[in-house]
Novice: 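One structure follows; several queries about it will come next.
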Amino acid sequence: MLCLLFVPILWQDMPVSGALRLAWLDVYQELSPRERRSAPAVIVAIDEASLDRFGQWPWPRTLVAQLIDKLGAARPAAIGVDILFPEPDRLSPEWLAPSVADADPQLAARLARLPRHDAVLAASIKAAPVALGVAGLETGVISGPVSFTPSLQKGSDVRGALRHYASALRSLPEIDAAAGGHGLLSADTEAGVVRRMPMVALVGTIPVLPLSLETLRLASGEALFFVRGGSAGVEAVGFGDLTVPTQSDGRLWLHYTPHDASRYISASDVLRGEVDHAQLERKLVLVGVTGLGLIDYQTTPLGERMPGIEIHAQVLENIFDGALLMRPRWAAWVEGLALFVAGLVVVCAVPRLSPGRSTFLLGFLLAALASAGFGAYRVAGFLIDASVPGAAITFLFAAMLVETLAEANAQRKMLQERLQREREAAARIAGELDAARRIQIGSLPRPELAFPAERRFEISAAMEPAREVGGDLYDFFMLDAEHLFFLVGDVSGKGLPASIFMAVSKALCKSAALRRGRRIDELLREANAEIARENPESLFVTVFAGVLDVLSGRLEYCNAGHEPPFVLAPHGEIARLEEGGGPPLCVLDGFSYVAAEHRMSRRGILCVVSDGVTEAMNAAGELYGAGRLRQALERGRDAENPGALVDAIRADIGRFVGGAESADDLTLLVLRWNGASAR
């Protein structure tokens with residue numbers, strides 16, 4: 001896309017981009033018109049006041065001759081006449097004599113003896129340094145002798161690059177031959193505006209200067225002018241020591257000032273002798289008709305209309321002031337480089353910036369282009385276009401922004417679809433985890449249902465997973481009528497993997513217990529071996545397991561790396577069972593676990609917890625610890641039943657933790673032996 005945007009830069013005459021470029025270059029002159037520093041030319045205007053004083057146009061040629069004589073008497077450097085005299089003067093005596101011959105033969109004879117007006121005008125023109133204007137024609141051929149200023153070609157022949165006219169409209173041969181020079185009056189408009197004036201053009205095959213430059217040549221006394229060409233076309237036009245740089249087609253960009261009435265002198269003032277000769281002496285005098293309705297006013301880049309004769313005067317001021325405008329041959333390359341650099345910035349930046357920042361970047365780039373172009377105009381008189389690169393950058397920005405927004409919209413839709421899928425998956429997983437939680441909790445025995453008629457002992461337990469499901473476990477059941485088996489375990493890790501391993505461990509421990517009976521050490525050795533075989537994730541589990549003789553209160557237990565339990569006598573101290581046991585299951589293969597014994601007191605209490613109780617943490621990072629658990633047991637030793645003690649400990653932990661997130665699963669099991677006689 002960026003390459004396509006170079007087309008209007010390289011193809012300078014594309015209709016749309018060309019019109020945009022010309023309008024932009026006009027803005028430079030509107031913002032900062034040329035300051036008039038010299039006044040080499042004076043315009044003698046046949047204006048409204050002159051027409052009111054001497055009658056309507058066309059005037060008799062004798063009156064025009066008087067004007068030329070008056071101007072010649074003031075010793076101007078040269079006179080340029082922006083008036084054509086292509087037909088005989090119908091007010092001349094030779095034209096009037098036949099019309100009155102029948103009515104007054106004597107008057108007709110006297111009129112016939114008077115000099116012809118065209119001859120009078122030719123004599124006045126010949127007596128003064130006058131350059132006459134000629135109008136270029138698109139059709140026709142040049143016939144008869146040609147009286148244009150001879151030219152010299154320097155360098156390459158560039159006639160093919162010049163503006164070409166097939167022929168020219170000239171004054172009558174008698175008048176035309178009397179002039180010391182002949183200059184073109186024609187100038188092409190571009191969209192109705194005169195921006196460029198040819199400094200040399202072809203009439204047939206002959207190079208011709210414009211009236212302004214021809215008047216200056218006549219004033220310089222040079223007999224010929226030169227055209228210097230190069231590889232790219234015309235480089236300059238000049239004569240003597242004067243060289244006027246041009247564009248490659250021989251045209252000059254006009255640097256305008258606003259219309260200035262001080263350039264003008266009324267022809268009526270000249271004819272009445274009311275003009276000081278000092279105003280005209282050594283000046284380039286341009287004579288033209290400015291009366292409204294008699295000429296076409298030309299539109300300038302300043303947005304105003306002015307007579308064509310004033311445009312010729314501004315050409316001379318451009319040359320004398322050295323205030324020439326140039327559109328360099330390298331301008332298109334500079335504009336292309338600006339477009340390339342700004343385009344790369346847009347291409348690289350727009351996808352990474354927000355729309356607001358991208359718009360700010362575009363404004364900055366356009367302002368930089370405009371400032372650079374205007375600065376080149378103000379400082380060096382170079383016409384560097386910022387509009388076409390700016391329009392191309394704006395188009396590229398819009399395309400990039402649309403593409404970026406479309407891509408962002410597509411990505412947003414993709415994210416929405418992905419989010420919806422993830423929400424559905426999360427909901428499905430949440431449902432599955434909720435079902436797993438229910439299954440896990442449901443797999444744990446419920447004390448109130450396990451032993452509804454039992455009075456010799458009471459047992460209660462609770463498990464709160466840190467996540468939806470947990471890795472803690474507990475179990476209890478009767479091995480026979482007199483022995484109660486129970487265990488509390490804690491699988492390493494949390495969440496779903498730990499919960500699955502917990503279920504496997506619980507099932508294998510129960511299976512081993514039912515096979516091994518009351519030998520608690522053998523039970524753990526067998527469970528260690530079986531669980532290790534079903535452990536692809538290399539998890540381990542801590543276990544406290546015990547067998548209570550409900551008749552005697554004898555407790556045989558084994559601790560496989562678990563938190564030592566607390567025992568409470570009805571009126572005694574709180575102690576911990578720290579004997580017997582070994583490492584957690586699945587840590588050492590074939591380890592021989594050692595059992596230990598403890599004699600329970602009547603209405604004595606055993607409390608087994610997982611490390612999630614002692615390591616419960618509050619918002620300040622403090623641990624609940626074994627000390628606070630001991631205090632909670634001390635306060636709850638007289639609880640009505642083990643369930644009430646479990647609830648009291650859980651409530652105390654809840655108050656300590658507050659709103660902090662649980663870091664580990666929390667499990668409690670409380671067993672109270674009431675004695676054999678409680679049955």
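The shown structure was predicted, so the numbers you read here are calculated from the model rather than taken from an experiment.
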Novice: Could I get the full list of salt bridge (Lys or Arg N to Asp or Glu O under 4.0 Å) partners for Arg525, not counting sequence neighbours?
Specialist: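 Testing Arg525 for salt bridge (Lys or Arg N to Asp or Glu O under 4.0 Å), a comparison that skips the adjacent residues, returns none.
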
Novice: Using side-chain contact (heavy atoms from CB on, under 4.5 Å), reason through Tyr474 and Phe486 one step at a time and then give a plain yes or no.
Specialist: CA-CA 7 Å; Tyr474 67 84; Phe486 65 91; over 6 Å; no

Novice: Report the C-alpha separation of Arg34 and Gln29 in whole Å, then their side-chain angles, then the decisive distance to 0.1 Å, and conclude whether the side-chain contact (heavy atoms from CB on, under 4.5 Å) test is met.
Specialist: CA-CA 7 Å; Arg34 176 176 61 87; Gln29 298 205 53; 5.9 Å; no

Novice: Determine, stepwise, if the pair Thr542 / Asp490 fulfils side-chain hydrogen bond (donor to acceptor under 3.5 Å, both in side chains).
Specialist: CA-CA 5 Å; Thr542 66; Asp490 184 2; 4.7 Å; no

Novice: Under the ring pair (Phe, Tyr, Trp, His ring centres under 6.0 Å) rule, collect the residues that match up with Phe397, sequence neighbours excluded.
Specialist: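 Once residues adjacent in sequence are excluded, Phe397 has no partner under the ring pair (Phe, Tyr, Trp, His ring centres under 6.0 Å) criterion.
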
Novice: If I compare all heavy atoms of Asp475 with all of Pro445, which pair ends up nearest, and what's the gap?
Specialist: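 Where Asp475 meets Pro445 most closely, the heavy atoms are OD1-CG, 3.4 Å.
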
Novice: Apply side-chain hydrogen bond (donor to acceptor under 3.5 Å, both in side chains) to Arg603 and list each qualifying residue two or more places apart in sequence or on a separate chain.
Specialist: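 Arg603: no side-chain hydrogen bond (donor to acceptor under 3.5 Å, both in side chains) contacts found.
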
Novice: Any idea how Phe451 and Phe476 line up, ring-wise: parallel (<30°), tilted (30 to 60°), or perpendicular (>60°)?
Specialist: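 Tilted, since the angle between the ring planes falls between 30° and 60°.
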
Novice: Do you see a donor-acceptor pair shorter than 3.5 Å between the side chains of Asn559 and His562?
Specialist: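 Judged by distance alone, the side chains do not pair up.
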
Novice: Below 4.5 Å, heavy atoms only, C-beta onward: do Leu669 and Phe544 meet side chain to side chain?
Specialist: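 Counting from C-beta outward, Leu669 and Phe544 never come under 4.5 Å.
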
Novice: With ring pair (Phe, Tyr, Trp, His ring centres under 6.0 Å) as the criterion, how do Phe374 and Trp24 come out once you've worked through the C-alpha distance, each side chain's angles and the decisive distance to 0.1 Å?
Specialist: CA-CA 10 Å; Phe374 185 70; Trp24 180 262; 9.3 Å; no

Novice: Between CG of Asn674 and CD of Glu458, what distance do you get to the nearest 0.5 Å?
Specialist: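 Spacing of CG (Asn674) from CD (Glu458) equals 4.5 Å.
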
Novice: Step by step, work out the side-chain hydrogen bond (donor to acceptor under 3.5 Å, both in side chains) result for Ser387 and Arg21.
Specialist: CA-CA 6 Å; Ser387 63; Arg21 179 179 294 107; over 6 Å; no

Novice: Which heavy atom of Arg637 sits nearest to which heavy atom of Pro570, and what is that distance?
Specialist: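 Between these two residues, the closest heavy atoms are NH1-O, 3.3 Å.
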
Novice: For a 4.5 angstrom cut-off between non-hydrogen side-chain atoms, does Met600 reach His598?
Specialist: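 The answer is yes, as the side chains (C-beta and beyond) meet within the 4.5 Å cut-off.
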
Novice: Could you tell me which non-hydrogen atom of Leu585 sits nearest to which non-hydrogen atom of Ala527, and how far apart they are?
Specialist: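 Smallest heavy-atom distance, with atoms named: CD1-CB, 4.4 Å.
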
Novice: List the atom of Asp549, the atom of Trp673, and the distance in Å for their closest heavy-atom pair.
Specialist: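 That closest heavy-atom pairing would be O-NE1, 4.2 Å.
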
Novice: Less than 4.0 angstrom from a charged side-chain N to a carboxylate O is my criterion; do Arg327 and Glu335 meet it?
Specialist: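 Between Glu335 and Arg327 there is a salt bridge, with a charged N closer than 4.0 Å to a carboxylate O.
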
Novice: So, taking the atom named CD in Glu403 and the one named CD in Glu407, what distance separates them when rounded to the nearest 0.5 Å?
Specialist: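 So the gap between those two atoms works out to 6.5 Å.
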
Novice: Work out which heavy atom in Leu633 is nearest to a heavy atom in Leu568; give both atom names and the distance.
Specialist: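 Closest heavy-atom pair between Leu633 and Leu568: O-CD2, 3.6 Å.
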
Novice: Under 30°, 30 to 60°, or over 60°: which ring-plane class applies to Phe382 and Trp330, parallel, tilted or perpendicular?
Specialist: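 Ring orientation of Phe382 relative to Trp330: perpendicular.
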
Novice: What's the verdict on side-chain contact (heavy atoms from CB on, under 4.5 Å) for Leu325 and Tyr377, showing C-alpha distance, side-chain angles and the deciding distance?
Specialist: CA-CA 8 Å; Leu325 293 179; Tyr377 161 79; 3.7 Å; yes

Novice: Let me see the working for Asp652 and Tyr624 under side-chain hydrogen bond (donor to acceptor under 3.5 Å, both in side chains), right down to the final yes or no.
Specialist: CA-CA 10 Å; Asp652 190 61; Tyr624 184 73; 2.4 Å; yes

Novice: Looking only at heavy atoms, which two atoms of Leu623 and Glu615 are closest? And how far apart?
Specialist: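 Answer, listing the atom of Leu623 first, then Glu615: CD2-O, 3.5 Å.
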
